[in-house]
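Notes follow once the structure below has been shown.
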Amino acid sequence: MATIVKRGKKYSVVYNYTDENGVQRQKWEPPVATKKEAKQRLAEVEYEIQKGTFIVPTSRKVSDFLAEFVEVYGTKKWGLSMYAANTGLIRNYINPILGDVLVQDVDTRAVDRFITRLQRTKAVTVNGRRPKSEYVTPCTIMKINKLMSTAFKQAVRWGMIGKNPFDGATLPHHEEQRRAIWDEETIRKALDACEDGKLFMAIHLAFACSLRFGEICGLTWDCVNISDAAIMNGDAYLHVKKVLARVDAEAIDVVGKQDILFTFPAVVSGKAKTRLVLKKPKTESSIRKIWIPETLAKLLREWKANQERLKELLGDEYADYDLVIALENGRPCEDRVLGNAFNRLKKNAGLPNVVFHSLRHSSTTYKLKQNHGDIKATQGDTGHAQPNMVTEVYSHILDEDRRVNAQRFEAAFYANPDMREQERMLRAQSPQQQPQDVLELAKLLSENPALATLLAGILKNGTA
């Protein structure tokens with residue numbers, strides 16, 4: 001059984017246990033300041049032992065536990081991008097701080113210290129890309145906490161700890177900034193100034209179809225219906241079923257190729273750390289059918305015709321992967337290529353500085369305006385998993401429609417001549433129009449302070 005041992009001015013709960021290897025050991029719990037606290041902990045330990053819920057102390061380090069967590073949980077639950085992102089967080093930020101700490105020593109206080117230290121930790125360069133800020137951002141800390149909360153939830157499930165110390169952790173304030181977007185006039189100006197054919201079509205697809213970067217670069221002609229009959233009947237559409245992505249080679253080896261539809265041959269021979277692939281979208285809602293405007297359908301037909309002429313000109317030098325947006329030799333066009341072209345366009349045309357993804361936000365905003373806030377129809381085009389993603393991000397557009405509703409209500413109801421007489425009656429009863437005798441009394445009191453004092457005393461004492 002457990003006992004209390006006093007050392008100096010503090011008290012420790014001490015008990016014997018059998019470890020995972022069957023060896024008898026003694027555990028000294030962290031000392032507490034008062035004997036009352038020690039007795040409370042002693043009662044808890046004895047109760048847990050009696051109920052069979054006592055968790056045997058282990059020497060398992062956080063780094064070892066996370067390695068098992070990734071192997072058992074991550075490889076089954078995470079996709080390729082999520083696997084690479086989470087293992088990167090573990091490698092770059094979690095293990096350097098908590099890796100050597102015992103799992104059972106990670107309590108809520110240790111979590112708060114961990115998060116505080118993260119805020120003073122410098123951000124690392126990943127895949128040659130410099131971080132945008134000097135220190136780990138609140139957004140990244142939120143991702144780390146979410147990952148650790150999921151991991152320690154499994155630790156509870158596996159009987160390693162009694163409760164999850166990352167639940168309800170105090171996180172740094174993170175204020176979501178609304179992304180700057182272009183309005184329709186700015187997009188028209190950008191299209192007029194654009195001389196890069198790939199970027200020209202990409203802007204159309206982002207704005208008219210609400211496509212993401214990877215969806216644009218991964219779109220293939222077999223997923224585009226721009227036949228004569230389709231255009232004539234207003235039924236031209238495209239299917240979003242593939243995404244172009246550069247994924248971590250280690251993630252492919254560990255997670256597997258179940259999400260990969262096609263792997264592009266490497267341009268440079270040798271063992272690369274990444275692979276360029278066409279893969280399934282990350283969620284089921286991202287797989288969608290999008291009807292396209294007639295003008296865009298005709299632009300796509302013209303773009304395809306030009307592509308076919310280029311194939312004939314280059315012959316075997318053209319690598320035909322059936323991509324709608326491709327490099328001049330047919331190879332896939334990665335987002336960085338379009339991103340660089342987009343930056344040049346902004347600079348040369350003097351356009352407001354937004355990121356390419358903002359065109360998708362512009363698309364959603366414009367569609368909500370056109371369809372008077374039809375959330376479900378807009379969500380179908382954007383591929384958001386939940387309608388509230390649209391309402392939260394684009395609530396300012398809905399507020400605008402609500403203002404219009406108030407104006408329509410005014411025109412339809414309050415402009416009715418029958419209401420004007422009622423309004424006049426209300427104004428006649430307004431407290432602002434005081435009876436004449438009240439106004440005269442107020443004037444008299446202001447001119448005679450002594451009378452005002454007398455009246456105040458009468459009202460206070462309740463006597464005449």
Side-chain angles (χ1 to χ4, degrees), residues 70 72-87 89 142-143 146-147 149-150 153-154 176 179 202 205-225 230 235-248 251-252 254-264 275-292 296 321-325 332 334-335 356-357 359-365 367-368 371 373-395:
V70 170
V72 175
Y73 180 92
T75 55
K76 296 178 178 61
K77 296 289 186 178
W78 299 336
L80 295 168
S81 299
M82 182 67 74
Y83 179 90
N86 283 344
T87 53
L89 292 176
M142 289 176 63
K143 293 177 181 178
K146 182 178 179 180
L147 169 61
S149 181
T150 303
K153 180 180 179 181
Q154 291 300 310
E176 289 284 349
R179 191 185 296 274
L205 290 168
F207 184 59
C209 305
S210 308
L211 297 189
R212 301 176 176 93
F213 235 151
E215 294 169 344
I216 294 171
C217 298
L219 184 65
T220 52
W221 287 112
D222 63 314
C223 295
V224 180
N225 181 12
D235 195 35
Y237 63 84
L238 55 86
H239 260 133
V240 179
K241 299 191 291 186
K242 308 168 188 176
V243 176
L244 182 73
R246 184 167 288 280
V247 298
D248 189 79
I252 298 176
V254 176
V255 178
K257 299 182 179 181
Q258 62 270 22
D259 291 337
I260 296 179
L261 304 172
F262 180 76
T263 302
F264 293 95
R275 302 280 190 275
L276 192 59
V277 304
L278 285 177
K279 68 182 189 70
K280 297 176 184 177
K282 62 179 181 179
T283 62
E284 287 295 324
S285 60
S286 294
I287 301 174
R288 61 200 189 276
K289 180 179 181 179
I290 302 174
W291 280 268
I292 58 180
L296 177 55
Y321 296 110
D322 202 35
L323 293 167
V324 174
I325 305 296
E334 294 190 62
D335 57 3
F356 186 87
H357 188 78
L359 299 180
R360 174 173 154 85
H361 289 245
S362 298
S363 172
T364 309
T365 300
K367 288 178 181 178
L368 283 171
N371 62 28
D374 189 336
I375 301 297
K376 292 300 291 183
T378 306
Q379 179 197 359
D381 277 4
T382 62
H384 285 109
Q386 300 294 333
N388 66 333
M389 289 292 292
V390 178
T391 57
E392 288 175 5
V393 177
Y394 305 100
S395 59

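Using a distance-only test at 3.5 Å, with no hydrogens or angles considered, a donor-acceptor pair links the side chain of Arg360 to the main chain of Ser210. Put simply, the side chain of Asp259 never gets that close to the backbone of Leu80: no donor and acceptor are under 3.5 Å apart.
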For a side chain to side chain contact (heavy atoms under 4.5 Å, CB included) check, start with the C-alpha distance between Val243 and Leu278, then their side-chain angles and the critical distance, and finish with the verdict. CA-CA 5 Å; Val243 176; Leu278 285 177; over 6 Å; no
Mind running side chain to side chain contact (heavy atoms under 4.5 Å, CB included) on Ile292 and Leu238 for me, showing each step along the way? CA-CA 7 Å; Ile292 58 180; Leu238 55 86; 3.8 Å; yes
Applying side chain to side chain contact (heavy atoms under 4.5 Å, CB included) to Arg246 and Arg275, what does each step give before you reach the verdict? CA-CA 5 Å; Arg246 184 167 288 280; Arg275 302 280 190 275; over 6 Å; no
Take Leu219 and Val224 through the side chain to side chain contact (heavy atoms under 4.5 Å, CB included) test and state the conclusion after the steps. CA-CA 8 Å; Leu219 184 65; Val224 180; 4.1 Å; yes
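Atom CD of Gln154 is separated from atom OG of Ser149 by 10.5 Å, given to the nearest 0.5 angstrom. The OG1 atom of Thr150 sits 7.0 Å away from the NZ atom of Lys146 when rounded to the nearest 0.5 Å. Summarising the geometry, atom CZ belonging to Phe213 is positioned 11.0 Å from atom CD belonging to Glu334; distances are rounded to the nearest 0.5 Å.
In this structure, the side chains of Tyr83 and Val254 come closer than 4.5 Å at one or more pairs of heavy atoms. Taking the side chain as every heavy atom from C-beta outward, Val240 and Ile290 approach each other to under 4.5 Å.
Partner Glu215 forms a salt bridge (Lys or Arg N to Asp or Glu O under 4.0 Å) with one of Lys242, Lys282, Lys280, Arg288 and no other, that one being Arg288.
In the displayed structure, Glu284 atom CD is contacted under 6.0 Å by at most 12 heavy atoms of other residues, nucleotides or ligands.
The shortest non-hydrogen separation linking Ala202 to Phe356 is O-CZ, 3.7 Å. Heavy-atom minimum distance, Leu296 versus Cys209: CD2-SG, 3.7 Å. Nearest heavy atoms, Asp322 versus Asp222: OD2-N, 3.3 Å. The two residues Asn86 and Leu147 make their nearest non-hydrogen contact at O-CD2, 3.8 Å. Cys217 and Leu244 get closest at one heavy-atom pair: CB-CD2, 3.5 Å. Residues Pro281 and Ile287 come closest through the heavy atom pair CG-CG1, 3.8 Å.
Relative orientation of the Phe264 and Tyr321 rings is perpendicular, given thresholds of 30° and 60° on the angle between their planes.
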